[in-house]
2 protein chains.
Amino acid sequence: MNNRVRVLIVDDHAMFRSGVRSELGTAVDVVGEAADVDQAVAAVIEHRPDVVLLDVHLPGGGGAEVMRRLSTRLGSADGPRFLALSVSDAAEDVIGTIRAGARGYVTKTITGPELVDAIRRVSEGDAVFSPRLAGFVLDAFAGSIEISAVDEDLDRLTEREREVMRLIARGYAYKEVARELFISIKTVETHMSSVLRKLQLSSRHELTRWASDRRLL
Amino acid sequence: MNNRVRVLIVDDHAMFRSGVRSELGTAVDVVGEAADVDQAVAAVIEHRPDVVLLDVHLPGGGGAEVMRRLSTRLGSADGPRFLALSVSDAAEDVIGTIRAGARGYVTKTITGPELVDAIRRVSEGDAVFSPRLAGFVLDAFAGSIEISAVDEDLDRLTEREREVMRLIARGYAYKEVARELFISIKTVETHMSSVLRKLQLSSRHELTRWASDRRLL
DNA sequence: GGCCGGATCAGGGGATACCCCGATGGTCCG
DNA sequence: CGGACCATCGGGGTATCCCCTGATCCGGCC
């Protein structure tokens, strides 16, 4: 295909925009520029670019705000792809930007040819990250499981205590747990005492949160 | 650096393993092979590869099981990077594999040179995805916010009810909520009745799970 | 003004939750 | 065999949860 990728450059520094524009040269089709959130939203709607090069620290709410506004105005199908371009390599910036809908995140230390390649790949639906940043995203994504610290505590529970714990954490009343496990309510209470003591919790509410945080439900 | 990347190939089909091995040629250092979960875990501990090429549909629990077992035996620091290699491009396979800790996911339609490049990039900490699959991961990540269906229920709560709800869901006792908001326990009870009625829940335990599922904590 | 919804409070009561004490069996182990 | 750990129960108590009815005050709306 000979169609060049249509790109919109969003950054609050005019100097940087012209730098990017000259680096990109004729490899892509720069259809416009924007310097803040409002301009960016308007420019996307007007020019319908394939890829938006989006500065993360943008006046008026940051690049994430641009994506949020556009996601409500445009269907996710026909909207542009967003490639975040930032001086920051802080994890919270990267994660926040991805959560907001960006398909890639590269730092401004990138070279011109690399940026052209990144734009191409994003326009095709691929995800592009500066090598060091990819770890942040996947760690944050996989990290929501968090098994490591759990086992130390969880392993101290006996098999029966774990069964009771699981049901209690799901919101079962003692009476219901008793019926479910064919034991007396008093036995359930005994197990629960052990569970709370071993996990250093003080109520079933804390237990529910504890289990919920660790996705044991 | 001249050090070749040390690679372990995990797949239950011997034919496929030898195919991969010949495709990789001398570009990387294949230190071993494994055909199921147990062999894979043992081989990683024995050979300490830099990158594990991991089949997703593996007898004995799948590739995810390999990563789970190793994550408990090895510190996350010195463990290998995992690159999932699968015939499946189903979203649930991709998401599940990434959640389990893989740093990349490519389909078996990949060419030899592309695979070598993918292995190199994963070994350097980059994330590698077949273009079409990257969207799954990022959509799932960004989509974990899920505001859409919540507002219908959540919007029916008044401001005060939301405050009470948030504290209750966090495990606060009525008494503690009352102190926190400078109101009477009886008022807290009234608000809670409204909250439970409007959300069609019947106890604070269900509320905790409800809020937890929606990340309102 | 009358109506309605929200926020505030009260009394009372049945059901739970959590804790204290103690007790009985069973297994496993030195 | 005695000690440990576990699973199983009980009595009794206090605090908490959840619901019921009923009340006052305020602000918006027709």
Side-chain angles (χ1 to χ4, degrees), chain A residues 149-217, chain B residues 72 147 149-217:
Chain A
V150 173
D151 288 358
E152 301 171 14
D153 292 324
L154 192 59
D155 281 351
R156 315 227 298 255
L157 300 184
T158 67
E159 187 57 37
R160 204 57 165 168
E161 286 166 353
R162 265 194 292 273
E163 291 183 66
V164 172
M165 181 273 290
R166 194 177 306 113
L167 292 173
I168 292 294
R170 284 186 180 182
Y172 282 57
Y174 286 179
K175 191 199 300 180
E176 295 169 323
V177 175
R179 266 204 302 272
E180 194 77 19
L181 300 180
F182 303 103
I183 57 180
S184 148
I185 292 179
K186 281 300 181 179
T187 307
V188 176
E189 292 185 21
T190 303
H191 287 315
M192 262 300 284
S193 289
S194 304
V195 170
L196 293 179
R197 179 172 37 78
K198 289 181 179 177
L199 298 181
Q200 295 178 305
L201 302 173
S202 61
S203 73
R204 63 174 301 151
H205 320 312
E206 293 180 20
L207 177 63
T208 301
R209 290 207 64 199
W210 182 88
S212 172
D213 289 345
R214 286 158 187 73
R215 299 179 184 274
L216 297 175
L217 306 184
Chain B
T72 60
I147 308 180
V150 173
D151 287 359
E152 301 171 14
D153 291 325
L154 193 59
D155 279 352
R156 288 149 66 175
L157 300 184
T158 66
E159 186 57 38
R160 203 59 164 168
E161 286 166 353
R162 265 195 293 273
E163 291 182 66
V164 172
M165 181 273 291
R166 194 178 305 113
L167 293 173
I168 292 294
R170 284 187 178 182
Y172 281 57
Y174 287 180
K175 191 200 299 179
E176 296 170 322
V177 175
R179 266 204 301 273
E180 194 76 19
L181 300 181
F182 302 103
I183 56 180
S184 148
I185 292 179
K186 284 300 179 179
T187 307
V188 176
E189 292 185 15
T190 303
H191 287 315
M192 261 300 283
S193 288
S194 304
V195 170
L196 293 179
R197 179 173 36 79
K198 289 181 179 178
L199 299 181
Q200 294 179 306
L201 302 172
S202 60
S203 73
R204 63 174 302 151
H205 320 310
E206 294 180 20
L207 178 61
T208 300
R209 292 207 64 199
W210 182 89
S212 173
D213 289 346
R214 285 160 185 72
R215 302 175 184 275
L216 297 175
L217 305 183

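By convention in this document, chain letters (A, B, ...) are assigned in the order of the sequence lines, proteins followed by strands, and residues within each chain are numbered from 1.
To the nearest angstrom, P of C:dA15 lies 15 Å from CD of A:Glu176. B:Ile183 places its CD1 atom 16 Å from the C1' atom of D:dC25, with the value rounded to the nearest Å. Between B:Glu163 atom CD and C:dG6 atom C1' there is a gap of 13 Å when expressed in whole angstrom units. When the P atom of D:dC17 is taken as reference, atom OH of B:Tyr172 falls 14 Å away, rounded to whole Å. Atom P of nucleotide D:dC9 and atom CE of A:Met192 are separated by 17 Å, given to the nearest angstrom. Here D:dC18 presents its P atom at 15 Å from NZ of B:Lys175, a figure rounded to the nearest Å. Taking atom CD of residue B:Glu159 and atom P of nucleotide C:dT8, one finds them 11 Å apart after rounding to whole Å. Distance A:Phe182 CZ to D:dC9 P: 12 Å, rounded to the nearest Å.
Side-chain proximity of A:Tyr174 to D:dT8, C:dT16, C:dC18: nearest is C:dC18. Side chain of A:Ala173, nearest nucleotide from D:dG12, D:dC19, C:dT16: C:dT16. Residue B:Ser184 places its side chain closer to C:dA10 than to any other of C:dA10, C:dA7, D:dC17. In the set C:dC9, D:dC18, C:dC18, the nucleotide with an atom closest to the side chain of B:Ser203 is D:dC18.
At a cut-off of 3.5 angstrom, the base of C:dC9 holds at least one donor-acceptor pair with the side chain of B:Thr190. Evaluation of atom-type donor-acceptor distances gives a pair under 3.5 Å for the side chain of A:Lys186 against the base of D:dG12. Side-chain atoms of A:Glu189 come within donor-acceptor range of the base of C:dC19, with a qualifying N/O pair under 3.5 Å.
Note on A:His191: a side-chain N or O is less than 4.0 Å away from OP1 or OP2 of D:dT8. Taking only side-chain nitrogens and oxygens, A:Thr187 comes nearer than 4.0 Å to OP1 or OP2 of D:dC9. Considering only side-chain N and O atoms, A:Thr158 lies under 4.0 angstrom from the phosphate OP1 or OP2 of D:dA7. When the side-chain nitrogen and oxygen atoms of A:Arg160 are compared with OP1 and OP2 of D:dA7, none of them lie within a distance under 4.0 Å.
Taking a cutoff of 4.0 Å between a charged side-chain nitrogen and a carboxylate oxygen, B:Glu163 and B:Arg166 do not qualify as a salt bridge.
Residue A:Tyr172 qualifies as open at atom OH: its count of foreign heavy atoms under 6.0 Å is 12 or below.
A:Ile185 comes within contact range of no nucleotide atom at all, as no heavy-atom separation falls under 4.0 Å.
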Passes side-chain contact (heavy atoms from CB on, under 4.5 Å), B:Arg160 versus B:Ile183? Steps please.
CA-CA 11 Å; B:Arg160 203 59 164 168; B:Ile183 56 180; 3.4 Å; yes

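When side chains are defined from C-beta on, B:Thr187 does not count as touching B:Leu181, because their heavy atoms never get closer than 4.5 Å.
In terms of modelled atom types and a separation under 3.5 Å, the side chain of A:Arg204 and the main chain of A:Ile168 share a donor-acceptor contact.
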